[in-house]
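We count residues from 1, following the sequence as given.
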Amino acid sequence: AWIATPNGIGAIRVGMTADELRTAVGDVPGANVTADCSYVRPSSAPPGVSVMLARGQVARVDVDSAGVRTDAGVAVGDSASRISDAYAARMTATPHKYVPGGQYLTVRSTSPADTSRRMVFETENGRVTRFRTGRVPEVEWIERCG
């Protein structure tokens, strides 16, 4: 049930309000609906899943440990080539800002009309170390809420 797509993960959808998030997944400790940017870890979410709230709405979902897969079956620990195979026509690669030889592999939505949703995979030594899904511009922020 916790499958990541450019639109969210599981019952969590980009654009939900904090109240809608609570209704969908239960307790959301530390939700700050007035902050420009904050992170929460819904209590029902798998380990390694955190949700960015921007001005009280879900902007992106971050996954930083194995166990959660995308709609194409990609997970933390998989090879970068698996992302290329799964999302070839929709993927672009750019150099990682902090990891020499690492990359950001950005996947656009399946709908050509949807230009605001992405999945971004971070790689090091040819392996996925983390990924995030959500809306532009937040999904492309490297420093998270920084």
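We find that Asp85 and Arg82 are not joined by a salt bridge, their nearest charged nitrogen and carboxylate oxygen being 4.0 Å or further apart. Look at Lys97 and Glu143 and you find a salt bridge, because one of the NZ, NE, NH1 or NH2 atoms lies within 4.0 Å of a carboxylate O, short of that distance. Salt bridge Glu138/Arg55: present, at least one basic N to carboxylate O contact under 4.0 Å.
The ring pair (Phe, Tyr, Trp, His ring centres under 6.0 Å) contacts involving residues 111-130 comprise Phe121-Phe131, where partners must be two or more places apart or lie in separate chains. Residues in residues 54-97 take part in these ring pair (Phe, Tyr, Trp, His ring centres under 6.0 Å) pairs, two or more places apart or across chains: His96-Tyr104.
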Next on the checklist: Between Leu105 and Thr123, is the side chain to side chain contact (heavy atoms under 4.5 Å, CB included) condition met? List the steps.
Outcome noted: CA-CA 8 Å; Leu105 304 176; Thr123 69; 3.8 Å; yes

Checklist entry - Does the side chain to side chain contact (heavy atoms under 4.5 Å, CB included) test come out yes or no for Asp71 and Met119, once each step is laid out? => result CA-CA 11 Å; Asp71 54 351; Met119 287 191 291; 3.8 Å; yes

Next on the checklist: Show, in sequence, the C-alpha distance, side-chain angles and deciding distance for Leu21 and Ile12, and conclude whether the side chain to side chain contact (heavy atoms under 4.5 Å, CB included) test is met.
Outcome noted: CA-CA 6 Å; Leu21 179 62; Ile12 300 170; 3.6 Å; yes

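Side chains of Arg135 and Gln57 form a contact here, defined as non-hydrogen atoms less than 4.5 Å apart. Counting heavy atoms from C-beta outward, Arg69 and Asp78 have side chains that approach closer than 4.5 Å. Side chains of Val58 and Leu53 form a contact here, defined as non-hydrogen atoms less than 4.5 Å apart. Residues Arg130 and Asp62 form no side-chain contact, since every pair of their non-hydrogen atoms from C-beta on lies 4.5 Å or further apart. In this structure the side chain of Asn7 never reaches within 4.5 angstrom of the side chain of Val14, judged on heavy atoms. Contact check for Val51 versus Val28: no side-chain heavy atoms found under the 4.5 Å cut-off. Between Ser65 and Val76, the closest side-chain pair of non-hydrogen atoms is not below 4.5 Å.
What you find for Pro6 and Ser109 is that their closest heavy atoms are CG-CA, 4.0 Å. Closest heavy-atom contact between Ser44 and Trp2: O-CZ2, 3.5 Å. Here the shortest heavy-atom pairing between Ala93 and Gln103 reads CB-NE2, 3.7 Å.
Ser81 and Ser79 share a side-chain donor-acceptor pair at under 3.5 Å.
Atoms CZ and CZ, on Arg117 and Arg108 in that order, are 16.0 Å from each other to the nearest 0.5 Å.
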